[in-house]
Amino acid sequence: MCGRYSLTADFQVIEDRFGEATFDITKYEESYNIAPSQMVLSVVNDGSKNRLGFLKWGLIPPWAKESKIGFKMINARSETVHEKPSFREAFKRKRCLIIADSFYEWKRTDDRKIPMRIKMKNDELFAMAGLWESWKSPEGDTVHSCTILTTSPNELMSHIHDRMPVILKPSDEQKWLNPELNTLADLKKFLIPLEDGHLEAYEVSDKVNSLKNNSPELIEKVGD
């Protein structure tokens, strides 16, 4: 699964990479410990152009009676996403990019779970493939939410966990957002592990386990 990540880039770098913001940029804050239920920086396509904004992490299907279902919908398995009632319509027409500069995963050993940070070797931003939906509460409030797609691990990740987020190649990001691309055959080709050689991983402090902690210390390599 993918349950925690970071985004610490200067906002101008984000805009240069993903497009102009559609919100007051003072709402953007660097975060070393992004977690489910938080508002996360994402890119959607409105049918004519890309929009850079915030979605709540944890997809709430339009038919849901309560928003708390989103806590169970932070990830969607790419192998079955087209079959699941919670995700299949969004998979066809509401795909998004979720922006990050690293993600965390916990490596199991005999006696503990070791927090690992996984990032691009070149330190660049990347986009995780996501889906989004709009849900209206009984009170009439609209919530725009999202989920991150996961896939089988590449060689690096196979030594850490049995799943990893779908990280799109930059050349595939616009294709993923294209609403005219909506067949299973078209979309499945993106839902694969990132090829080996692009990522690196290292152990970080177990302070990342607590959401109370959110500082540069969380991304430092243990032992440095």
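As the structure is a prediction and not an experimental result, all values here were calculated from the model.
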With clusters defined by side-chain heavy atoms of hydrophobic residues (ILVMFWY) lying less than 4.5 Å apart, directly or transitively, does L168 cluster with I99?
yes
Between F103 and I114, is there a shared hydrophobic cluster once you connect ILVMFWY residues whose side-chain heavy atoms come closer than 4.5 Å?
yes
Okay, side chain of [X], backbone of [Y]: is any donor-acceptor separation there less than 3.5 Å?
| X | Y | answer |
| --- | --- | --- |
| T183 | D186 | yes |
| W135 | A64 | yes |
| N75 | T150 | no |
| N154 | L194 | yes |
| D101 | T8 | yes |
| W57 | I74 | yes |
| N213 | V208 | no |
| E15 | A21 | yes |
| R117 | S6 | no |
| T147 | L59 | no |

Applying ring-ring contact (aromatic ring centres under 6.0 Å, His included) to F91 and not counting sequence neighbours gives none
Flag if over 12 foreign heavy atoms under 6.0 Å of [atom1], [X]:
| X | atom1 | answer |
| --- | --- | --- |
| Y202 | OH | yes |
| D111 | CG | yes |
| K188 | NZ | yes |

I34 vs Y104, test: side-chain contact (heavy atoms from CB on, under 4.5 Å). Steps then yes/no.
CA-CA 10 Å; I34 298 171; Y104 300 103; over 6 Å; no
So which atom in P36 and which in G3 form the shortest heavy-atom distance, rounded to 0.1 Å?
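Closest pair (atom of P36, atom of G3, distance): CD-O, 3.2 Å.
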Will you find, in the side chains of N178 and Q174, an N or O donor that is under 3.5 Å from an N or O acceptor?
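Absent: no donor and acceptor within the cut-off.
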Check: R93/N182 side-chain N/O donor and acceptor closer than 3.5 Å
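No.
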For V40 and Y5: C-alpha separation, side-chain torsions, deciding distance, then whether side-chain contact (heavy atoms from CB on, under 4.5 Å) applies.
CA-CA 10 Å; V40 298; Y5 70 96; 3.0 Å; yes
Salt bridge check: are [X] and [Y] linked by an N-O gap of less than 4.0 Å?
| X | Y | value |
| --- | --- | --- |
| E79 | R163 | yes |
| D172 | K175 | yes |
| K94 | E133 | yes |

Between F11 and Y28, how do the two ring planes meet: parallel, tilted or perpendicular, split at 30° and 60°?
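Taking Y28 first and then F11, their aromatic rings sit tilted (interplane angle of 30° to 60°).
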side-chain contact (heavy atoms from CB on, under 4.5 Å) for F18 and N50? Distances and angles first, verdict last.
CA-CA 9 Å; F18 292 100; N50 291 350; over 6 Å; no
With sequence neighbours excluded, tell me which residues meet salt bridge (charged side-chain N to carboxylate O under 4.0 Å, His left out) with K207.
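So K207 forms a salt bridge (charged side-chain N to carboxylate O under 4.0 Å, His left out) with E217.
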Pick one: which of E105, E124, E200 meets salt bridge (charged side-chain N to carboxylate O under 4.0 Å, His left out) with K119?
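The salt bridge (charged side-chain N to carboxylate O under 4.0 Å, His left out) with K119 is passed solely by E200 among E105, E124, E200.
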